[in-house]
Amino acid sequence: MPGPRRARAFALIALTALVLAGAPGEAQDPPGLLPSELVLTRMTWLSSEDGVNQLVVSAARAQMQSGTELARLSGVHARMGSLAPGGAAGGGMSLRCEAGRFDLQSRDFEASGAVRGATADGRRFRTERLSYRAAEGRAFGEARVSLRDSTGAYEGDGFEYWVRENRFVLRNARVRQAPP
């Protein structure tokens with residue numbers, strides 16, 4: 001029997017799910033889908049703690065293989081940490097990307113393709129890949145990243161961001177543009 005957190009996630013997903021069933025090759029199976037694959041449109045998954053949203057992942061489309069906890073996403077928007085709508089103070093980040101993978105059980109998230117985001121204190125970043133480990137409250141990337149904040153614009157060869165502490169670290173940081 002699923003626990004309360006898992007049941008809540010499934011209930012949210014079920015509200016927007018379109019189930020494709022049938023034998024392989026039947027007319028209703030779109031190309032590239034396995035017969036036991038679940039296709040979700042406008043999926044939203046929410047995890048909260050003490051009345052504060054800790055993780056919200058939304059996607060225009062998600063695909064899940066039956067019996068797995070991994071969703072393949074497209075058209076993704078995600079918020080991590082205690083970032084309130086409107087960017088209230090405290091740790092947190094929000095991002096948009098072309099594609100992603102989301103593990104419903106661990107709440108780990110992988111973002112890829114034109115990842116654009118912002119931290120709670122207004123730092124904006126761009127990269128091609130980002131990983132988020134929910135248990136650690138840490139986002140990181142090995143790909144080139146650009147960061148802009150009130151002190152200027154920077155580039156790095158990767159980064160780590162501790163969501164709860166609102167601490168962003170660039171690896172091999174270079175100044176692109178100093179503030180005026």
Side-chain angles (χ1 to χ4, degrees), residues 9 12-13 16 32 40-49 52-64 69-180:
L12 287 170
I13 291 170
T16 60
L40 311 166
T41 57
R42 293 182 292 197
M43 179 208 88
T44 297
W45 193 92
L46 167 69
S47 174
S48 63
E49 190 173 302
V52 176
N53 294 347
Q54 297 298 319
L55 177 64
V56 179
V57 176
S58 299
R61 179 179 169 94
Q63 291 175 248
M64 291 182 63
E69 296 284 333
L70 186 64
R72 296 183 323 261
L73 312 172
S74 61
V76 182
H77 178 228
R79 288 191 323 223
M80 297 126 198
S82 58
L83 182 67
M93 74 183 317
S94 64
L95 66 85
R96 292 188 182 275
C97 63
E98 295 170 355
R101 292 170 32 116
F102 181 59
D103 186 315
L104 296 168
Q105 186 160 357
S106 68
R107 298 175 294 141
D108 290 345
F109 174 69
E110 307 284 332
S112 61
V115 179
R116 307 289 185 261
T119 62
D121 63 357
R123 289 175 279 192
R124 301 205 174 281
F125 65 91
R126 294 175 163 210
T127 189
E128 282 301 312
R129 294 187 91 50
L130 174 144
S131 297
Y132 173 70
R133 299 295 176 255
E136 301 170 19
R138 181 176 70 103
F140 59 94
E142 302 298 326
R144 185 177 187 165
V145 61
S146 62
L147 175 74
R148 180 176 295 276
D149 65 14
S150 62
T151 65
Y154 309 90
E155 284 186 352
D157 296 329
F159 74 96
E160 286 189 275
Y161 177 64
W162 287 267
V163 176
R164 295 175 195 109
E165 299 156 18
N166 199 31
R167 186 166 43 112
F168 203 109
V169 176
L170 284 174
R171 285 191 209 99
N172 300 319
R174 300 173 293 284
V175 176
R176 278 191 17 217
Q177 178 183 351

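Residue numbers start at 1 and run along the sequence shown. All figures in this text were calculated on a predicted structure; none of them were measured in a lab.
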For residues [X] and [Y], report the shortest heavy-atom separation together with the two atoms involved.
X      : Y      : answer
Gly92  : Tyr161 : O-OH, 2.9 Å
Val163 : Gly81  : CG1-CA, 3.4 Å
Ser112 : Cys97  : O-CB, 3.7 Å
Ala99  : Val76  : C-CG2, 4.0 Å
Ser47  : Arg107 : OG-NH1, 3.4 Å
Arg144 : Thr127 : O-OG1, 2.9 Å

Set of side-chain hydrogen bond (donor to acceptor under 3.5 Å, both in side chains) partners for [X], sequence neighbours left out:
X      : answer
Arg129 : none
Arg174 : Asp157
Arg167 : Glu165

| query | So does Glu160 pair up with Arg138, basic N to acidic O under 4.0 Å? | reply |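 Salt bridge between Glu160 and Arg138, a charged N being under 4.0 Å from a carboxylate O: yes.
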
When you check the gap from the basic side-chain N to the acidic O, do Arg123 and Asp121 get nearer than 4.0 Å?
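A salt bridge is present here (some side-chain N lies under 4.0 Å from a carboxylate O).
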
**Request:** Using the six-membered ring wherever Trp is involved, compare the ring planes of Phe159 and Phe168 and label them parallel, tilted or perpendicular (cut-offs 30° and 60°).
**Result:**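 Rings of Phe159 and Phe168: parallel, as their planes differ by under 30°.
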
Distance check, rounded to the nearest 0.5 Å: [X] atom [atom1] versus [Y] atom [atom2]?
X      : Y      : atom1 : atom2 : result
Met43  : Ser74  : CE    : OG    : 10.0 Å
Leu73  : Met64  : CG    : CE    : 9.5 Å
Leu95  : His77  : CG    : NE2   : 7.0 Å
Asp108 : Glu136 : CG    : CD    : 8.0 Å

Practice problem: Give a yes or no answer on whether the side chain of Asn172 reaches the backbone of Gly158 with a donor-acceptor pair at less than 3.5 Å. | Solution: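 The answer is no, because no donor-acceptor pair under 3.5 Å joins these two groups.
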
Any side-chain heavy-atom pair from [X] and [Y] closer than 4.5 angstrom?
X      : Y      : value
Leu55  : Phe109 : no
Arg126 : Arg148 : no
Val57  : Tyr132 : no

Exceeds 12 heavy-atom contacts within 6.0 angstrom, atom CZ of Arg124: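 Count not over threshold, so no.
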
Quiz item: Taking atom types as modelled and ignoring hydrogens, do the side chains of Ser131 and Glu110 form a donor-acceptor contact shorter than 3.5 angstrom?
Solution: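 Side-chain D/A pair, Ser131 to Glu110: present.
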
